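Down below is the structure, laid out as structure tokens.
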Amino acid sequence: MKMTAVSGQPESVPALLARNVAQFGSKPAYREKEFGIWQSWTWRETAEEIEAMALGLLALGIERGDHVAIIGRNRPALYWSMIAVQRAGAVPVPLYQDAVAEEMVHVLDNAGVRFAICGDQEQVDKVLEVQESVNKIEHVIYQDPRGLRKYDHTTLHALADIQAEGRAAHERFEKELAAREAELNYDSTCVMLYTSGTTGKPKGVVLSNRNIIETAKNSAEFDHLRSSDDVLAYLPMAWVGDFIFSIGQAYWTGLCVNCPESAATVSADLREIGPTYFFAPPPVFERHLTEVMIRMEDAGRFKQWLFHHFMAHAKRVGPAILDGKEVGFADRLKYKLGELCIYGPLKNTLGLSRVRIGYTAGEAIGPELFDFYRSLGINLKQLYGQTEASVFITMQPNGQVRADTVGVPAPGVEIRIDDSGEIFYRSPGVFVEYYNNPDSTASTKDAEGWVATGDAGFFEEEGGHLRIIDRVKDVGKMADGGMFAPKFVENKLKFYPDVLEAVVFGAGREMCTAFINIDLHAVGNWAERNNIAYASYQELAGHPQVLDTIQGYVEAVNKSVAEDSMLSGCQVHRFLVLHKELDADDGEMTRTRKVRRRIVEEKYEDLITALYSGKSEQYTETEVTYEDGRKGKITATLQIRDAAVVDHVGQAQVAAE
């Protein structure tokens with residue numbers, strides 16, 4: 001049944017823009033660092049830029065319902081183009097900018113894209129490369145003209161020219177633009193975002209204005225977001241999280257969206273902006289911690305002692321102070337001293353000094369990593385969400401933040417768990433459909449609006465917090481009937497700065513084994529400090545001292561896992577360090593850096609067999625994709641190691657041979 005918005009409430013994102021011009025006209029809406037200088041646009045200036053784009057698109061022939069691809073890094077003009085497309089009655093379809101051309105074919109073809117708006121020459125080249133196989137693309141628009149002067153501009157247009165044409169054609173198209181914008185309502189499509197394709201081809205998730213606005217409203221009110229907040233927009237524009245933070249919540253609250261100069265300058269730009277509202281997936285927080293630990297290893301003995309002394313105190317009392325719990329005067333005084341000497345400078349270095357609300361999601365974060373940031377006084381919380389939910393399924397209220405749960409149902413969200421342990425939800429944010437895929441829509445969302453998440457979990461009796469175990473398809477049984485939940489162990493391994501990625505195997509088997517990826521930055525720094533020469537990732541990954549270090553981590557994790565009675569059987573008995581990083585270009589990960597577990601299992605079947613056969617080494621050949629798209633092969637003989645595990649009475653024993 002068609003529903004309308006609450007009386008007087010804007011019914012589309014363009015309507016929110018008009019409201020913000022009236023309420024916050026002279027307040028900064030966007031900032032972008034370009035050529036080392038921060039540029040700023042007010043809400044009024046933003047609306048003028050968007051209107052010129054929308055009129056220019058009408059002049060170019062955009063029709064109601066057209067799908068427009070948006071491809072590039074986070075830049076105000078590309079965010080504006082998404083609103084301009086909506087004002088023209090069409091649908092924006094953001095794509096991952098680091099996707100190779102052949103990956104884009106499915107999305108461009110499935111969506112029937114007629115127009116593509118690209119950030120620069122690299123993205124234009126990818127679209128032109130696939131234009132013959134995706135023959136619906138009629139016009140390609142670019143923002144950055146560098147390198148494009150000698151291209152055929154018959155159907156290639158500069159975004160600045162489109163805007164100039166829009167301004168010139170204002171009188172011709174203003175009535176048509178007004179008519180199309182007036183047609184937008186709560187049930188109009190706001191955006192189409194594609195899933196990451198972890199288990200198959202990406203699906204187009206159709207999200208309405210209702211989905212985005214209601215979700216933005218509820219989540220913003222939950223965390224008391226306001227127009228004075230700043231957010232750093234640096235995550236992929238094709239990801240639902242970036243859309244809800246940088247458009248949904250930004251347009252609902254009127255907060256300012258800040259775009260970094262480039263991917264290479266994100267850390268520096270983060271420090272300069274000092275956002276008050278910050279989101280990062282676990283790998284970003286892992287990378288920040290790795291950088292901190294590397295710097296401490298390079299520091300003098302006294303600084304190292306000071307750091308570890310105060311961090312131990314912060315770990316003990318920091319989260320309690322953050323949650324407003326009762327802490328003794330002496331502990332508070334010592335924490336304030338630590339804030340002056342350690343915590344404050346460290347937060348400033350990370351660019352997190354002003355963070356009032358911080359979130360992480362995408363995958364579970366290791367409890368040790370989570371507690372590290374909260375011990376510094378950073379209000380880092382977890383949320384659980386999906387593209388199909390317009391992000392939010394659960395959120396953590398202030399004062400009820402824990403590392404082992406993902407919080408309580410977000411405002412407006414209902415959750416139930418079926419007999420198999422799978423989590424289902426419904427809310428105003430539930431997606432309309434998978435585009436042109438009624439079968440997948442029906443298998444994911446039932447007639448009453450309940451959506452199957454594919455995740456297994458349970459509600460804790462005290463507090464009603466949801467605890468996620470793993471993906472339903474990944475949760476299994478060991479040969480002895482014990483539960484197998486690989487993500488639980490993988491996240492503990494990834495807490496260590498030297499470990500970039502981990503993949504644990506064991507479903508239906510007598511023991512668990514693991515692949516480990518080392519962090520080249522962290523381990524390379526260690527090698528340099530110890531005068532250890534290496535020529536490649538592969539050489540460093542196979543170094544005996546590196547293997548000894550990783551073995552120590554695995555065995556420490558085993559002790560931790562043994563403390564969980566439900567999952568103690570998931571201890572890692574044998575492991576190897578892979579000779580290459582798992583890579584999205586090789587199909588081993590998604591563009592959001594989620595492991596494609598089934599592909600990894602198929603690709604490295606010989607290594608898994610070796611882990612379970614008792615071998616101490618294994619020769620392997622692996623196909624890789626280079627940065628220029630060429631294919632090649634690398635070969636290696638990998639060392640396989642046994643790790644000590646802990647039995648049910650806490651005694652260490654060596655993995656059975």
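Everything quoted here is computed from the prediction, not taken from an experiment. The residues of the chain are indexed from 1 along the displayed sequence.
- One finds a salt bridge joining D230 and R354 here, because a Lys/Arg side-chain nitrogen approaches an Asp/Glu carboxylate oxygen to under 4.0 Å.
- Neither side chain, N110 nor K203, offers a donor N or O lying under 3.5 Å from an acceptor on the other.
- No hydrogens or angles considered: a donor-acceptor pair under 3.5 Å links the side chains of E388 and Y434.
- Side-chain atoms of Q163 come within 3.5 Å of backbone atoms of E49 as a donor-acceptor pair (strictly under, hydrogens ignored).
- Q123 places no side-chain N or O within donor-acceptor distance of the main-chain N or O of G72, the cut-off being under 3.5 Å.
- Remark: side-chain polar atoms of D66 are not paired, donor with acceptor, to backbone N or O of I62 under 3.5 angstrom.
- Using a 4.0 Å cut-off between charged nitrogen and carboxylate oxygen, K126 and E102 do not count as a salt-bridge pair.
- Side-chain contact check for T276 and D229: at least one donor-acceptor pair (N or O, by modelled atom type) lies under 3.5 Å.
- E45 and Y30 form no side-chain donor-acceptor contact under 3.5 Å, judged by distance and modelled atom types alone.
- Side-chain contact, E272 with W38: a donor N or O sits under 3.5 Å from an acceptor N or O.
- The closest donor-acceptor contact from the side chain of K347 to the backbone of L376 lies under 3.5 Å.
- Seen from the ring of W450, R416 counts as a face-on cation partner, given the 6.0 Å and 45° thresholds.
- For the pair R19 and W252, the distance from NZ or CZ to the six-membered ring centre is under 6.0 Å and the angle to the ring normal is within 45 degrees.
- With respect to R210 and D187, a salt bridge is recorded, a charged nitrogen being found less than 4.0 Å from a carboxylate O.
- T590 approaches A584 most closely through the heavy-atom pair O-CB, 3.8 Å.
- There is no side-chain donor-acceptor pair under 3.5 Å between D269 and Y234.
- Using a cut-off of 4.0 Å between Lys/Arg side-chain N and Asp/Glu carboxylate O, K201 and E103 are scored as not salt-bridged.
- Ring geometry, H288 versus F285: the interplanar angle exceeds 60°, so the pair is classed perpendicular (tilted spans 30 to 60°).
- Relative ring orientation between F245 and F392 is described as perpendicular, the plane-to-plane angle rising above 60° on a 0-90° scale split at 30° and 60°.
- Checked by atom type, the side-chain pair T155/E138 shows no donor-acceptor distance below 3.5 Å.
- Salt bridge status for K136 with D109: absent, with no side-chain N to carboxylate O gap under 4.0 Å.
- We find the OG-CZ distance between S188 and R64 to be 11.0 Å, quoted to the nearest 0.5 Å.
- Listed for the H170 side chain is no donor-acceptor partner under 3.5 Å among the backbone atoms of L55.
- Y373 and N379 are not linked by any side-chain donor-acceptor pair at a separation below 3.5 angstrom, with hydrogens and angles left out of the test.
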query: Which is it for H67 and F115 under the ring-ring contact (aromatic ring centres under 6.0 Å, His included) test, yes or no, and what are the steps along the way?
result: CA-CA 7 Å; H67 286 143; F115 298 79; over 10 Å; no
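- Using a 3.5 Å distance cut-off with no hydrogens or angles, the side chains of Y359 and Q396 do not pair a donor with an acceptor.
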- prompt: Should V432 and N211 be marked as a side-chain contact (heavy atoms from CB on, under 4.5 Å) after you check the CA-CA gap, both sets of side-chain angles, and the distance that decides it?
  reply: CA-CA 8 Å; V432 178; N211 298 150; 3.9 Å; yes
